[in-house]
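Let me begin by presenting the structure, written as structure tokens, before commenting on it.
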Amino acid sequence: MLWTRWLVLLLCWGATGGVQQAEERAGSGAGAGTGARGEVWSDSRRQRSPPPVEPLDFGFVPAAVYDTHAYYEPGTIGILFHMVHAFLYVVQPNSFPTDLIVKIIQQNMGGIKIEEWRKPENVVLLLQWIHYEAGFLICAITGIVFVVFTPIIAACFCMCRCCDNCGGEMHQRQRKNADCHRGFFTASLMATTIFIILGVFIAYAANHNITTQIKSTRRLINTNMRDLKTFANNTPAQIEYLTAQYTTAKNKVLSDLDNIGPLLGARIHSNLEKEVVPALDAALRMAGAMRETKEALENVSSSLEILQEGMGRLQASLAGERASLSNTLSDPACTNGAVSHACNSIRSILPQLGMNADFSTLPDVGQALTNVNTVLKVDLSNIVQKGYASFNDTPALVKDQTKNIVSGVKGMLDKIGSEITAFSKMFPVEASLANFTIFLNERHKSIESFYPQIDQMDFYRWIGCVAVLCSVVLVLAFNVFGLLCGSCGYDKQATPTTRGCLSNTGGNLLMAGVGFSFIFAWVLMGLVTTLFVVGGNVEKLMCEPLANRQLFKIIDTPFLVHPEKRNFLPGMLFQNPNIDLTLGAMYRECHENNGLYHALQLENIFNINNFLNRTVYNKDLAKVFEGVQVDLKDVALLEQAGRDNLINFANSGVGDIDYAAYLAELNKGMTVVDLLSFCSDLEEQADQLPRGALENALKGHASSIRFIHREHVVPLEQAMKYVRARSTLSQSVKLLQKTSSDLPVKVTNILSAIDAAEYLITNNASFVVKQETKGFVQSLVGYFKQYTEWVKSSLTAEVAQCKPISNMVDSVEIVACSFIIDSVNTFWFGLGGCCVLLIPSIIFSVKLSKYYRRMDTEDVFEDGQESWN
């Protein structure tokens, strides 16, 4: 943690000293901007929302790759570790006493004094602590009792045996179940010995694990050192990358400023075109209608001439035939009573032999055509296109009229970039981190210089632990060899006084094991008790709380170290204990590999938001753009000649033509009656007359009428020339009728729309310019907002990632707890089991040796009575 503190102070040293100067310099250039104000227009003039800001690609901050993997998997020995943890849980099932420890620390800040413990509150704390440590105290007292009473019991046992008691008498009574007792004691001693051997293996495995893991500690130290160097080497490059990416936002803004015409001008154009373009489109459509009207009038005139020519010939032929037929009916023969009825009938239908459609009576369109041709001498389309061009020149006009403002804004952007670069250079981060790297190298070399001493100390420790285990192994050797010799040399036929040498040796070895058990047991139990009390409490009070992070809760307790200092960590790092920074929160952020700026809440020392708001969010930029003035008064949508042309077209007389008469004549047939039907009726009437000249004359007239139908009517109805003429005339008349319908009103509406659009440009363009300029500035500011948001997110998650700090904490936990404390606890666990099992081993060895050793006397039976030798 000292390294962490030193590193943090290095990073923040320049910031705490230079913030005030930077604030004054950045604040002197800040100005107050006012937003554009304007009234709300109608739907066609309503202010548009600003367009979405194009996302910028700032790339990726150069990432640091850390080598340390602060994770430890103990492997097979982990089973033993879990057994020890389970045993400690049985001994100490209470949860971690966070509140109790906090109270003890807070009530004894000035140091622990004997007289202070007499206070009631301290007595309560002491009783609470005793209650928490009850399991350890009971086990420790048990161990102390074992240590104290084992030598006493050993002395008493020796004296008792010297007095031929406690199995010291070299006499064995003969019993019928002696073999059963011997077998039971042998099996019990063998089982006890096997368990003691397991305890020795457990203790040896823990002892060897310490040596093995101490070598692994070097790897953790090396990787942690490399990670700290990587952190120190990469941080300046990351900070430089952050400042360099201002150029990305700046270049995008400069690009938009260079294209202010197509961007801002296009937005102004787009806002005004909702009124302007429809008016010009209507004028342009009217120009097209003029040309169509001319073509239609010409088509009406030409088609009418063709139809009048054909209809004239038909009319002349029908008139001649009608006159001839009338003369025939005037013959005196028609006065005869027999034929007069037929003649009168023919005379009654004679008027039907005439023209039905009469195109000669239709009004002439020549004058209207002349007027339209006069109107078309003025090219209205060209005039309207000039209006389009004048209006579409708005982007170029905006660019030309904002040249000075754009150059000023570019200068401001360069100034902002210089301020950011200068501000980043103010802090000696690179130099400080370079010194920190040198410090790390020196510390690393200093640590490596202790490796030989650590190896030597570990070797002595290993030898000492092996020596302790050898004392148990010595007892085991006596037990094993005693069992082997006793079992192999035992002879059931031999009496206690005649037992063999091998059997006697086995009994002696067992008693030797008993003696060494008494010699070593109390010493071993003293060692076990000491290691148990120390290692067990370290596991329960340090390792477990560190693993579940409850230890951080104690350190992060408000006002823990001083009643006026709220938080310990910020008070130590920044001399400001009121900052809401805790060790647990810092560890979590670093464990997630977030940035040191966010993990240490350095915004309380140097607030990057305020700095970026004073520099990148420069309100002078908006203030400069408030002065944008784009004069669109020179934009002329429709010249006076165009206006006069529209008025002349409305007064050309096109609307005065009787188009209904044209359509009515076109809808009529060629003749009043079907000529073929008329011929048939005439022939029927002729057939009713007596044969003679009158009959022949009427039939001749029928033949003439058929000839007229064939030569004149059929061509008018079927010939392509006349069919096309009728079709063209019909279409043209309908087009003219549609075009001329309310023509003055249409022209008036077009002129009104153009006047309204010109009024909009002349009187309301300034408001449009302000609104669109505001949107344009918002888009520019949006690029800087992206930059600042990216900077803040990068500082939070990517710059100076503090994973090495959490790795150091995790590495300390792994080394101290997983490597050392777990192994130490496993060592006393195995050794303590051996010590406890030495008690039944002593008992079974003493009992069993009686069956193996050669006795001085034995029981003798003569004539059923027992006697002694």
Side-chain angles (χ1 to χ4, degrees), residues 1-16 64-72 210-239 427-459 461 542-543 546 551-552 555 568-575 583 586-587 589-591 593-597 599-600 602 799-821:
M1 294 304 295
L2 291 177
W3 289 359
T4 306
R5 179 182 179 185
W6 196 89
L7 173 60
V8 172
L9 293 177
L10 276 176
L11 292 176
C12 302
W13 174 57
T16 54
V65 179
Y66 299 127
D67 298 332
T68 301
H69 298 284
Y71 175 77
Y72 172 63
I210 294 177
T211 300
T212 303
Q213 299 305 333
I214 284 178
K215 296 178 181 179
S216 299
T217 302
R218 300 181 183 181
R219 176 185 58 81
L220 281 176
I221 293 175
N222 293 336
T223 57
N224 276 282
M225 284 296 183
R226 282 200 303 269
D227 290 347
L228 289 174
K229 293 175 185 178
T230 301
F231 172 85
N233 294 331
N234 279 31
T235 299
Q238 292 174 335
I239 295 175
F427 307 120
V429 175
E430 187 171 357
S432 300
L433 291 177
N435 294 333
F436 180 65
T437 302
I438 296 174
F439 169 79
L440 289 177
N441 291 329
E442 293 176 352
R443 292 299 92 195
H444 194 189
K445 292 179 180 179
S446 176
I447 292 173
E448 288 179 340
S449 64
F450 285 102
Y451 285 164
Q453 300 178 21
I454 294 174
D455 291 340
Q456 185 177 12
M457 294 174 61
D458 179 66
F459 175 74
R461 179 206 59 77
M542 294 295 294
C543 293
L546 185 61
L551 192 62
F552 293 155
I555 301 175
F568 164 74
L569 185 61
M572 181 185 68
L573 296 179
F574 311 125
Q575 289 74 48
L583 186 62
M586 173 188 168
Y587 174 82
E589 295 293 339
C590 291
H591 187 72
N593 203 21
N594 289 328
L596 192 65
Y597 180 87
L600 292 179
L602 295 181
V799 176
Q801 293 172 319
C802 59
K803 184 69 173 179
I805 296 177
S806 67
N807 283 341
M808 290 175 60
V809 176
D810 294 338
S811 298
V812 169
E813 177 192 353
I814 290 173
V815 172
C817 296
S818 299
F819 289 177
I820 298 177
I821 297 299

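In what follows, residues are counted from 1 in the order of the sequence shown.
For Ser811, the side-chain contact (heavy atoms from CB on, under 4.5 Å) partners at least two apart in sequence or on another chain are Thr68, Ala70, Leu220, Asn224. With sequence neighbours left out, the side-chain contact (heavy atoms from CB on, under 4.5 Å) criterion links Ser216 to Gln213, Phe819. Take Tyr66 and apply the ring-ring contact (aromatic ring centres under 6.0 Å, His included) test, not counting sequence neighbours, and it matches no residue. With sequence neighbours excluded, the residues forming a side-chain contact (heavy atoms from CB on, under 4.5 Å) with Phe450 are Ser446, Gln453, Ile454, listed by chain and number. Scored by the side chain to side chain donor-acceptor pair (under 3.5 Å) test, Glu442 finds no partners at all (sequence neighbours excluded). Every residue two or more places apart in sequence or in another chain that forms a side chain to side chain donor-acceptor pair (under 3.5 Å) with Asp458 is listed here: Thr211, Arg461. The side chain to side chain donor-acceptor pair (under 3.5 Å) check on Lys803 picks up nothing, with sequence neighbours excluded. For Met457, there are no side-chain contact (heavy atoms from CB on, under 4.5 Å) partners at least two apart in sequence or on another chain. Partners of Arg226 by salt bridge (Lys or Arg N to Asp or Glu O under 4.0 Å), not counting sequence neighbours, listed by chain and number: Asp67. In this structure His591 satisfies the ring-ring contact (aromatic ring centres under 6.0 Å, His included) test together with Tyr587, sequence neighbours excluded.
Between Ala232 and Thr437, the shortest heavy-atom contact is CB-OG1, 3.5 Å. Ala816 approaches Ile820 most closely through the heavy-atom pair O-CB, 3.4 Å. Nearest heavy-atom pair, Tyr72 versus Ser818, reported as atom, atom and distance to 0.1 Å: CD2-CB, 3.3 Å.
The line from SG of Cys543 to CG of Leu551 is 10.0 Å long, rounded to the nearest 0.5 Å. Between the CG atom of Asp227 and the CD1 atom of Ile805 there is a distance of 11.5 Å, given to the nearest 0.5 Å. One distance of note links CG of Asp455 with CD1 of Ile214; it measures 8.0 Å at 0.5 Å rounding. Considering CG of Leu440 and NZ of Lys229, their distance stands at 7.0 Å, rounded to 0.5 Å. Going from atom CD1 of Ile821 over to atom CD1 of Ile210 covers 9.0 Å, rounded to the nearest 0.5 Å. Interatomic distance, SG of Cys802 versus CE of Met586, reported as 6.0 Å (0.5 Å rounding).
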Report the C-alpha distance between Gln801 and Leu596 in whole Å, list the side-chain angles of each, state the deciding distance to 0.1 Å, and finish with yes or no for side chain to side chain contact (heavy atoms under 4.5 Å, CB included).
CA-CA 6 Å; Gln801 293 172 319; Leu596 192 65; over 6 Å; no
For Asn807 and His69: C-alpha separation, side-chain torsions, deciding distance, then whether side chain to side chain contact (heavy atoms under 4.5 Å, CB included) applies.
CA-CA 8 Å; Asn807 283 341; His69 298 284; over 6 Å; no
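Here the side chains of Ile221 and Tyr451 are in contact, with some heavy-atom distance below 4.5 Å.
Put simply, the residue from Glu448, Met808, His444 that forms a side-chain contact (heavy atoms from CB on, under 4.5 Å) with Met225 is His444.
Listed by first and then second residue, the salt bridge (Lys or Arg N to Asp or Glu O under 4.0 Å) pairs that reach into residues 804-818 are Arg549-Asp810, Arg549-Glu813, sequence neighbours excluded.
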